[in-house]
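Remarks on the structure that follows.
Values below: all heavy atoms of this structure, side chains included; hydrogens, waters and symmetry mates excluded.
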Number of protein chains: 2
Amino acid sequence: MTKTTTGDQALIKRINTAIVLEAILKEQPLSRAKISEITGLNKATVSSLVQDLIDNQLVREIGTGVSSGGRKPVMLEFIATAGYSVGIDLGVNYLRGVLVDLRGTVVAERTAPLSAVDPDDVFNVLRPFIQSLVSEAPPSPFGVVGIGVGVPGLVDSSGSVLYAPNLGWREVPLKDALSRTFGIPVLIDNEANVGAIGERTFGSGRGVSNMVYVSVGIGIGTGIILQRTLYKGASGFSGELGHLSVDAHGKPCRCGNRGCWELYASEQALLDQARSLGHSGDLDELLAAADAGDEAVRGLLAGIGEYLGIGIANIVNIFNPDAIVIGNRMSRAQPWIEQAMRRTVEERALNFHLRGVQLLFAELGGRSAVMGAAEQAVSAFFDRLKAG
Amino acid sequence: MTKTTTGDQALIKRINTAIVLEAILKEQPLSRAKISEITGLNKATVSSLVQDLIDNQLVREIGTGVSSGGRKPVMLEFIATAGYSVGIDLGVNYLRGVLVDLRGTVVAERTAPLSAVDPDDVFNVLRPFIQSLVSEAPPSPFGVVGIGVGVPGLVDSSGSVLYAPNLGWREVPLKDALSRTFGIPVLIDNEANVGAIGERTFGSGRGVSNMVYVSVGIGIGTGIILQRTLYKGASGFSGELGHLSVDAHGKPCRCGNRGCWELYASEQALLDQARSLGHSGDLDELLAAADAGDEAVRGLLAGIGEYLGIGIANIVNIFNPDAIVIGNRMSRAQPWIEQAMRRTVEERALNFHLRGVQLLFAELGGRSAVMGAAEQAVSAFFDRLKAG
DNA sequence: GTTTGTTTGTCTATCCAATAAACAAAGTTG
DNA sequence: CAACTTTGTTTATTGGATAGACAAACAAAC
């Protein structure tokens with residue numbers, strides 16, 4: 001049951017402080033007078049709230065701006081380096097991590113191979129990996145405000161990895177383990193969910209309200225952002241669109257269903273088809289072959305594009321989103337899959353919905369997830385500020 | 001661009017008034033002291049807000065309650081008859097209308113056949129139909145506060161019917177026409193959307209947060225309620241799950257796609273299959289035949305149930321909802337389709353998602369849409385109260 | 001009947017955030 | 001320099017929530 005927040009003056013102040021801070025984040029550098037103008041808040045109110053933000057080391061004055069016929073304005077900016085956040089992408093065979101400031105500027109970045117899969121072994125690699133990023137954070141008022149982690153599996157609301165087939169994990173209390181070690185807030189979420197956040201905040205989905213991020217790797221995962229918020233279903237895990245059936249009588253899937261989308265449009269599907277053609281290489285080798293003019297491989301990739309389009313047409317009809325972003329490894333095949341994909345979506349999706357939707361590829365490349373994970377930790381920090 | 005609402009004391013009062021009113025609606029009859037206790041608001045605050053509600057004729061005192069060892073409480077109740085609302089279900093060949101009070105109690109109800117399909121002809125039937133319901137409203141402080149209409153087609157945010165294939169309508173400004181005539185707020189929405197609202201407010205989905213209402217009639221429409229709110233996509237129309245493809249290489253659909261769910265699981269699908277078996281009757285006749293022991297018809301119905309299950313399994317995987325409610329005409333076939341439907345969903349949906357979901361049939365029968373339409377008008381009235 | 005303690009709902013004084021208006025400071029323009 | 005603009009602070013006021021005091025009304029125990 002959600003506790004109903006009653007209204008009092010503290011609530012007002014939190015609301016208005018958030019409005020002021022958001023204005024500074026979005027339009028900086030800007031003056032108090034300008035904030036008053038764009039937010040509709042009284043000048044005196046803005047002055048008072050800005051003073052609080054300055055006292056809290058979140059905002060600073062950076063000198064005067066140019067006059068427009070009167071007294072020069074005192075320009076304000078958000079102190080992005082007031083705190084830092086760590087983002088981790090825990091892959092099946094790699095680790096990727098970033099240290100970012102509160103605006104998402106990357107301060108440090110690391111990658112490492114990951115051969116272990118046993119949870120304890122992974123912890124023993126992960127802990128020093130995170131520690132090294134934390135120790136790179138410059139001195140700052142708030143320090144490292146949180147750690148966000150994206151994992152390839154189902155995560156419950158307590159931050160436990162319920163099920164991660166490609167790691168062989170079940171019920172691994174990752175959040176507990178990390179927050180005990182580091183003593184700062186830890187946020188765990190599915191790789192596709194944090195990827196969606198990453199692309200929406202820093203990548204091709206910037207500013208969009210309703211977006212579906214399709215993470216095409218070995219399988220297909222999806223992160224669904226509705227009304228600017230990550231959608232999670234009743235039990236806290238949604239977005240299993242990889243197991244949307246696109247062929248009711250198709251191949252059986254290990255999930256129990258038949259004809260799941262990811263059986264036809266994932267990297268695994270591509271590799272399986274390639275193997276039956278005699279290619280035994282990985283995705284990179286296939287892309288190289290396509291670049292070199294191998295028509296058979298190009299045909300396979302176009303086929304993947306078509307099946308991606310089939311599922312995406314369904315997503316368009318279901319959610320009528322502003323944008324769909326294709327990410328993860330398969331986005332590297334963009335030149336070979338995009339045309340078939342677009343054509344298929346245009347053929348199959350409803351016209352009314354098609355009109356408003358953008359079909360995009362991830363801008364952040366392999367960094368969608370890691371940036372989104374870091375952003376999750378930052379936004380949890382801001383939420384704490386507002387609540388406290 | 002959404003205008004950011006800044007916080008001031010009027011906002012506090014609106015928030016708290018809404019909290020108090022909601023407490024009364026949910027727990028009535030109850031005393032001021034009890035309201036203070038369950039909302040966390042100060043007794044004095046509650047007294048003041050209740051007085052405003054009494055002055056506004058929304059709440060009244062109904063005498064004293066039983067003492068629990070001290071002064072007897074003065075019990076309060078919501079004045080459900082402070083206003084009324086009209087709900088209309090505009091079907092392909094029928095009109096159904098209700099007049100309800102602010103709590104949704106039906107005061108008057110009408111149905112009428114509808115042979116016309118030309119918009120102007122429909123208006124000429126619809127206007128006196130609504131007028132007769134409006135004139136049944138008893139005298140009340142607020143009178144008839146609004147008219148809600150559900151239509152079998154796509155509706156845009158301005159209340160125009162963009163496209164209603166079974167009526168042959170395109171770009172019909174229904175809301176404009178009705179609000180000009182009656183001079184009160186009119187809300188138009190898709191039949192499945194208002195049906196979803198109806199079942200969530202008064203029917204089998206009462207109190208649920210995430211629910212998908214599947215309206216199975218000639219076609220399949222869906223109303224998606226997420227976080228207690230009707231989800232509309234970027235362009236304002238979502239929920240076209242009838243055109244979710246469940247067979248990528250299946251029958252071509254008039255929407256341009258292939259293998260759309262409604263080609264296999266709708267009333268139309270059933271009738272088509274029945275015709276190829278030599279049955280020429282409508283749904284009622286088929287149900288009668290099934291009741292009478294016709295094994296062939298029972299087999300057809302079970303087949304529809306299975307295909308419903310295939311689509312519902314997809315919906316479960318997509319949204320991970322608390323409940324799925326099957327409504328509209330086909331819900332009458334519940335005895336013949338339910339078993340196959342449940343079995344298919346259990347076979348195909350992901351276990352993690354299956355655990356929390358309820359599979360339900362509409363409680364309101366043919367009144368889901370009309371009650372939801374009326375409720376939309378009521379809740380718009382409450383929104384106006386809060387805003388003003 | 002009397003006493004005691006409880007419950008209800010109002011009243012009063014106080015607090016606090018936002019606001020309008022006045023104002024001082026710092027600028028531009030002619 | 002005079003007149004006007006713009007910025008940002010100060011001051012007095014408004015309005016809603018709150019704690020605590022309070023009176024009225026009541027049950028239960030004696």
Side-chain angles (χ1 to χ4, degrees), chain A residues 4-21 23-24 27-56 59-77 386, chain B residues 4-21 23-24 27 29-56 59-77 386 388:
Chain A
T4 35
T5 327
T6 61
D8 61 356
Q9 284 165 323
L11 175 68
I12 293 190
K13 190 163 186 177
R14 284 204 302 275
I15 292 173
N16 289 341
T17 304
I19 291 174
V20 168
L21 188 54
I24 296 175
E27 313 273 349
Q28 74 173 312
L30 83 175
S31 67
R32 292 169 175 81
K34 200 81 189 169
I35 295 174
S36 169
E37 190 185 315
I38 62 180
T39 62
L41 290 165
N42 187 278
K43 287 191 296 176
T45 307
V46 171
S47 272
S48 158
L49 296 176
V50 164
Q51 192 53 52
D52 287 355
L53 289 170
I54 290 175
D55 292 345
N56 282 324
V59 164
R60 73 177 146 222
E61 301 182 338
I62 53 164
T64 53
V66 291
S67 161
S68 59
R71 171 176 163 182
K72 284 183 183 165
V74 178
M75 305 310 270
L76 303 166
E77 74 168 11
K386 287 178 206 163
Chain B
T4 34
T5 328
T6 62
D8 60 356
Q9 283 166 320
L11 175 68
I12 295 188
K13 190 163 186 178
R14 283 204 302 275
I15 291 173
N16 289 341
T17 304
I19 291 173
V20 168
L21 188 54
I24 297 175
E27 312 273 349
L30 83 175
S31 66
R32 292 171 175 80
K34 200 82 189 168
I35 295 174
S36 169
E37 190 185 315
I38 62 181
T39 61
L41 290 166
N42 187 277
K43 287 191 296 175
T45 308
V46 171
S47 273
S48 157
L49 296 176
V50 164
Q51 192 53 53
D52 287 355
L53 289 171
I54 290 176
D55 292 344
N56 283 323
V59 165
R60 74 177 145 221
E61 301 182 338
I62 54 164
T64 54
V66 291
S67 161
S68 59
R71 173 173 162 183
K72 284 182 183 165
V74 178
M75 304 310 272
L76 303 166
E77 73 168 13
K386 285 178 208 163

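B:Val74 comes within contact range of the sugar-phosphate backbone alone, with a heavy-atom separation under 4.0 Å but no base atom that close.
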Given protein heavy atoms under 4.0 Å, the one-letter contact record of nucleotides 19-30 of chain C, with B base, S sugar-phosphate only and - none, is simply BB---BBBBS--

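The shortest heavy-atom contact between A:Val46 and A:Ser36 is CG2-CA, 3.8 Å.
Looking at residues two or more places apart in sequence or on another chain, you find a side chain to side chain contact (heavy atoms under 4.5 Å, CB included) between B:Ile12 and A:Gln9, A:Ile12, B:Asn16. Listed by chain and number, the residues in a side-chain hydrogen bond (donor to acceptor under 3.5 Å, both in side chains) with A:Glu37 amount to none (sequence neighbours excluded). Remark: B:Asn56 pairs with B:Leu58 by the side chain to side chain contact (heavy atoms under 4.5 Å, CB included) rule, at least two apart or across chains.
Note that CG of B:Leu49 is 9.5 Å distant from CD1 of B:Ile24, once rounded to the nearest 0.5 Å. Distance check: A:Thr17 OG1 to A:Leu41 CG gives 9.5 Å after rounding to the nearest 0.5 Å.
Map A:Met75 and B:Ile12 each onto its nearest nucleotide of DNA chain D; the residue landing nearer the 5' end is A:Met75.
Straight-line distance from the CD atom of B:Glu37 to the P atom of C:dG9: 12 Å, rounded to whole Å. Here the P atom of nucleotide C:dC16 and the CG atom of A:Asp52 are 13 Å apart, to the nearest Å. The distance from atom CD1 of A:Ile54 to atom C1' of D:dT9 is 13 Å, rounded to the nearest whole Å. One can place CD1 of B:Ile19 at 14 Å from C1' of D:dG16, the figure rounded to the nearest angstrom.
Minimum atom distance to the side chain of A:Pro73 is reached by D:dT7, of the listed D:dG16, C:dG9, D:dT7. For B:Ser47, whose side chain is taken as the heavy atoms from C-beta onward, the closest listed nucleotide among D:dG15, C:dA18, C:dT10 is C:dT10.
At least one side-chain heavy atom of A:Leu76 sits under 4.5 Å from a side-chain heavy atom of A:Ile35. Put simply, the side chain of B:Arg32 reaches to within 4.5 Å of the side chain of B:Glu61, judged on heavy atoms.
Shown for residues 28-36 of chain A: residues whose heavy atoms fall under 4.0 angstrom of DNA chain D, namely A:Ser31, A:Arg32, A:Ala33.
For the salt bridge (Lys or Arg N to Asp or Glu O under 4.0 Å) condition, the pairs that include at least one residue of residues 38-55 of chain A, sequence neighbours left out, are A:Lys13-A:Asp52.
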